[in-house]
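Have a look at the structure below, then the notes.
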Amino acid sequence: MTMSSNDIREPMPSCLDLAQRALSDGLPRVIQDYRPGYHIAPPAGWMNDPNGVVYFRGEYHVFYQHYPFEAKWGPMYWGHAKSADLVHWQHLPIALAPGDDFDRDGCFSGSAVVCGDTLALIYTGHTWLGEVGDEHLIRQVQCLATSIDGIRFVKHGAVIETAPQDTIKHFRDPKVWKENDYWYLIAGARLGDMPLLPLYRSTDLHVWEFLDYVAGGGEGDGYMWECPDLFRLNGHDVLLYSPQGMHCEGYERLNKYQTGYRVGRLDNEWHFTGGPFIELDNGHDFYAAQTLLAPDGRRLVWAWLDMWESPMPSQAHHWCGMLGLPRELELCADRLCVFPARELTALREEPLPGTPWWGESGTREVPDVNGNMLEIHVHLDLLGCTDGHLGIAVRCSDDGHEQTLLYYDAVLQRLVLDRSRSGAQVTGQRSVSIDPTQELLALRVFLDRSSIEVFDENGRFSLSSRLYPQPGSLGVKLLASGSGGRVSIPRAWSLASGWL
Ligand code: FRU
C-alpha cells in the first residue's frame, strides 16, 4: 500500500500557535503613528491590564491581558515581554491561551511568582455561562500554570474552584506573594453590590485555605474592587485596588473607574484597617495597577495606560493599549509617593538646550525642544503668581491647532493637564491641587507618541493620559498669562527606543 500525501497529517495547531500566527499576520497592518517607542504595548491587537510582573532569573517579566486577533477586548490571552534593565524590552511568545474547560472564555488577570526554579502564573479562568457578555451568568475560578524556561507554560487547571460564598460570581484577579512559609493570595470578589477582598494561603500554590475577607466596601465604595494588591512599605500595609462604581466628587475620581490605595494595617486576624482611598494617579488613563517587589527592595508598579470605555483611536491602526512607565513607590507619611523608575534615565539621548526663566504674558516657542519621545523637566516659580496660567504646551502643531497644555492655574491653585486639543477623539482636563506657598514646582514630563506622564519631582502626584495628535505635531512652548510667576525648561532630552 502506498501512502498519499493526504495521509500525512500536520499536527493540529494549538490555540497558542493560532494566536501567535494571528499576531504575526496582523503585524503588517499595524500603523505606527501612535505606537509608543519606549513603553510596553502589544505588537498588534489588544492589551489591557498588566498581570504578572515578576523578576525571574535576572530579568523582569511583564505579562498582560491580550487579544491577539483584533484590536478590541475578546477572550483573554496573556501577552509577555521581558527586560533585563526595565528599559529595553523584548516581546516573547504569548504565554497563555484560553479554551480549556476551566478557562474556556478567557485567561483573566492574575499574577506571577517564582517558586524554586519554576515561574508560576496564577490567573482567573473565565467562562460565560449564558450569552457572551452577560455578567450575571459567569464562572470565575483561580488557575495555575507553570514554566521551567519562563516562556512555555503548562496549565494545571483550577486551584480555587469556588469563591468563599456561592453567591459570589465575580471572583478574579489573584495577586500572590510569599511571606515566611506561606504563599498568600488576595482576589477581588463581588457579593451582590458589595466589594470584598478574600485572602487565602497555601504552602504549594495548589491547595489554598481561605483565611478571611481582608476588607470589604460600604456605602460609596463601589460594587467591585478589581486587581487588588497588598504589600508592606516602610512598616505600613498598603492596599491597592481598582474600584468600579465609585462616584466622582469635585476633581476626584473623574474617570470611569479608578486605581488607588489605602494605607493602614493588616491585623493578626487578616483584617485591614486604613485611611481613605486615594487615587494613585490623577490623569485620564491609569488602571489595574500591579506591584512587584524588586530584588533590590524597591516596590515597583505598572498600570494600564488606558481606561475602559474611553476613546481608543489606535484601534483603527490595528493595535490598542499600552502600559505606563514602571514607577517606584515610596511611603511619605500616610501617602504613596511615585517616581519614574530610576533606570529610565538610560533612555536619554544628548541633552537638549533648556530655556532660561520666562514670565512675560503670552506664549514662547522652544524650538530646541521638539519631538514625540521626550523627557522634559519643567520648573514653575509660583512666587507672586496670583492669577492666570503658567506652564507649557507640548505636541503643538505648526498651525497652532493641536496642543496639549500643562499649566498651574493660579486661581484654582491646581496643576491642570488639558487635552481638549490633543488630537483624535480625546478631550477633557484632569488636575491636582498644588500648595501655592511652595515656591518651586518641579515636574518631569515623559512624552511617547500617544501618551503623556507628568511626575512631581518630589513624588507627590502623577498625571497620566493618552493623546492622539498628528505625527507632525511636535512643538513645545512656554505659556504664561496673568501676573507673577515664571516658567523654565531647565533640562530636556530626546528619548531612545526601548525595544530590542
Ligand atoms: C480589569 C479587568 C480584570 C479582569 C480583566 C479582564 O481591567 O476587568 O478585573 O481580570 O480586566 O480582561
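Every value quoted in this text rests on a predicted model; they were computed, and no experiment measured them. Both counts, for ligands and for their atoms, begin at 1 and track the order of listing.
When the side chain to side chain contact (heavy atoms under 4.5 Å, CB included) test is applied to Pro276, no partner is found at least two apart in sequence or on another chain. Here Asp134 pairs with nothing under the salt bridge (Lys or Arg N to Asp or Glu O under 4.0 Å) rule; sequence neighbours left out.
Between the side chains of Gln140 and Arg172, at least one donor N or O sits under 3.5 Å from an acceptor N or O.
Note: Trp208 and Tyr200 have perpendicular aromatic rings, judged against thresholds of 30 and 60 degrees for the angle between ring planes.
A distance limit of 4.0 angstrom between heavy atoms and ligand 1 selects the residues Asn48, Asp49, Gln65, Trp73, Met76, Phe108, Ser109, Arg172, Asp173, Glu226, Tyr287, Trp308.
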Enumerate donor-acceptor pairs with a distance under 3.5 Å from any side-chain N or O in residues 330-337 to protein atoms, sequence neighbours excluded.
none

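You'll find the ring centres of Phe108 and Trp73 inside the 6.0 Å limit.
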